[in-house]
There are 2 protein chains.
Amino acid sequence: MNVSKMPTLADVGRVAGVSRGTVSNVFNHPDLVRSDLRQRVEAAARQLGYDGPDPRGRVLRDGKFHAIGLIPPGAYAIADMIRSPYLRELVLGVSLACDEAGATLSLVNGTDETRISTIREALVDGFILGHSADIELIASLRRRRLPFVILESDAGPDVNSIRIDGRSGALAAIRHLAALGHQRFAILSIRRTSGPPIVHLPGNAPRAISAGFQLDHERLFGFAQGLAELGLSIDNVPIIETTPGEPSAGAVVFDRAPQATAILTMSDWQAITVLDEARRRNIKIPEHMSVVGFDGTAESSRTTPPLTTVAQDIVGKGRLAATMVFANGAPNQVIIPVELLVRGSTTRPRG
Amino acid sequence: MNVSKMPTLADVGRVAGVSRGTVSNVFNHPDLVRSDLRQRVEAAARQLGYDGPDPRGRVLRDGKFHAIGLIPPGAYAIADMIRSPYLRELVLGVSLACDEAGATLSLVNGTDETRISTIREALVDGFILGHSADIELIASLRRRRLPFVILESDAGPDVNSIRIDGRSGALAAIRHLAALGHQRFAILSIRRTSGPPIVHLPGNAPRAISAGFQLDHERLFGFAQGLAELGLSIDNVPIIETTPGEPSAGAVVFDRAPQATAILTMSDWQAITVLDEARRRNIKIPEHMSVVGFDGTAESSRTTPPLTTVAQDIVGKGRLAATMVFANGAPNQVIIPVELLVRGSTTRPRG
DNA sequence: ACAATTTTTTGGAGCGCTCCAAGTTTTTTA
DNA sequence: TAAAAAACTTGGAGCGCTCCAAAAAATTGT
């Protein structure tokens, strides 16, 4: 369309009768330029339709993009980012820190296959990596030699990571249910790969629930500990792995674990699907079934009934992650505390 | 941290004993390079820890960022992007098109004040502008001479825009309610500035509802037309302007327009707040009150009851917008059709 | 009025890359 | 085997910018 080349600093300088450097100063350090010259330059810029230094040149010269890349977990790229209440708040936190730092937030897209090349070419100064941190991804991040932070996945002492204390949270959830008198549980865990829910019922020993995220393992460990305090074994608790956002998660748990009086989940998102399914089946929550979420998202307080959930400061986590990337300091592993919010979705079991 | 400079094409060339150009070819046009040389170069790259051409250099040379900037409407920047069901689907659509084009999606942040400078400096090849297209913003987009598309706001024949046929949608909504026998309506419109809901009751003439978005005006026009067909004037219908996401929208409409039997909204998001408030007040939807949403978001089908709503292809709109930016062709104004989805939130009025 | 000091302006260097015309080597053809 | 054709490699140019040391201009002090 626009065949006419964009004017450059040099063009403006030529028209104003000053050097490139002075024009640059007018835009970047106006206080260094005498005011009459400054006005001449500004007039020339206006005349040429020059709107300030082109970011392309600046990028090369400064070596900085002033942008941060957010790599979503899982295979669904930005779709999940949008659909998951947890990820939404995370994005919000990251974006707030970016705002404050005058940086831009780039959503790094692509499937598992293209993601590595995307990482190599993304126009960012650092990355925040969602919770599916596989070896190859981390290797490619290292090669790029940019600061990065991994969430909910500990990649060792030489890598920045931020995690919640998922184990304590899970433990607190079980203790809360135990105190209410629950004895029969079901757990909704996260399936890493796509596909229908995977159902692990007691007796299907040995149960291979090792393919998930580190996030799950930690929480399952907490559940196991809590169950042990009750004299129960997690091996006798049905565990159902569902893909994030899988709408049938609720249906599967009601169908396959009908004896449970309380359902523990890995996210508010999952818990919400359970609530939805319960409504569909006319199962009253919490009277017929207690449900515990995870994350403490804004959504969790708006459901009917409001969710009892293991809350974390998600926005703060996103903020902190971005801040760590910007700071680019020594590797650090942060653990964020969690808090069990007891709300309306849990009560004593019937009967 | 990393004091050692990153290796460059030239460094790799030096080690491999070839020229810069050949190394560049190895990474960008490997078929042009004899295989023995290619392997030598690859070995040298590996040895130096060179992970491919630095995007910074490429940006300047190619003049392209391969990225698109999404400027959210309103003052809340990315927060709204995350909270609004409509914007979420829009982001999804844009991101899908970006994926296909191998481009990155940048969320252009900043408040109204900083947005102009952000536009000047964003590392993108074009913009998609949410529905709050003010003159100054458009002027600054023009100055940058990058392709851009405006959504839900017609800025004239020399600017790309995509809009839904909001008037027809609004008309269809009224006709549907009229066919059910409704006579008394209330309208939830969108307040452009922040603050509590603004209530326009009949009699408060002249009603100054002119400060909103073009989006609203069109729909209000459609409502007015439909009301006229019923022999009614929109001047006798309460109109309440609420900020997007305002949780009290529902409360205000029930308090201030108690005589209505049907509530028309500008978004599913608003309609959902009405549903929430109704539940809180034990007002049965649709038995006690009919509610119509706008947008046809995924959320609208999951509410209880599912929303009757004026649906548009939001994901497709985002996709199209991105495609138009990438194509950078002659200015074009697209109007997307809408479809009234009649679901559970509307029925004949009581009595 | 002139030197010393301060303020302002200049233009070379270089950020890392890719294109491309020209040069070099290898392969094919007669 | 030499010339013609094809395949491959080279390195200069230049993308637009900002830094910075040095030059130039303006101001101050005596």
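Chain letters run A, B, ... following the sequence lines, proteins first and then strands; every chain starts at 1.
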* Counting any heavy atom closer than 4.0 Å, what does R56(B) reach on the DNA or RNA strands: base, sugar-phosphate only, or nothing? -> nothing
* **Residue closer to the 5' end of DNA chain D, R34(A) versus A10(A) (nearest nucleotide)** => A10(A)
* Asked: Mapping R61(B) and D62(A) onto DNA chain D by nearest heavy atom, which one lands closer to the 5' end?
  -> R61(B)
* Asked: Base, sugar-phosphate alone, or nothing: which one does T8(A) contact when heavy atoms must sit under 4.0 Å apart?
  -> sugar-phosphate
* To do: Can you label the angle between the F27(A) ring and the Y50(A) ring as parallel, tilted or perpendicular, going by 30° and 60°?
  => perpendicular
* Only one of L151(A), V108(A), L90(A), I150(A) passes side-chain contact (heavy atoms from CB on, under 4.5 Å) with I128(A); say which it is. => L151(A)
* Checking all strands, does V33(A) fall into the base, sugar-phosphate, or nothing category for heavy-atom contacts under 4.0 angstrom? -> sugar-phosphate
* What do you reckon, is CD of E136(A) surrounded by more than 12 foreign heavy atoms closer than 6.0 Å? -> no
* Structure fact -> Atom CZ of R14(B) and atom P of dG11(D) are separated, to the nearest Å, by 12 Å
* What nucleic acid atoms does Y50(A) come within less than 4.0 Å of, heavy atoms only: base, sugar-phosphate, or nothing? -> sugar-phosphate
* To do: Mark yes or no for whether E152(B), through its side chain, and Q214(B), through its backbone, hold a donor-acceptor pair below 3.5 Å.
  => no
* To do: Just grab all the salt bridge (Lys or Arg N to Asp or Glu O under 4.0 Å) pairs involving residues 17-36 of chain B, residues at least two apart or on different chains.
  => R34(B)-D36(B)
* Structure fact -> At a 4.0 Å cut-off to heavy atoms of chain B, the contacted part of DNA chain C spans dG16(C) to dC19(C)
* Asked: With sugar-phosphate meaning primed atoms plus P, OP1 and OP2, does V18(A) contact a base, only sugar-phosphate, or nothing at under 4.0 Å between heavy atoms?
  -> sugar-phosphate
* Are D54(A) and R56(A) within salt-bridge range, i.e. N to O under 4.0 Å? -> yes
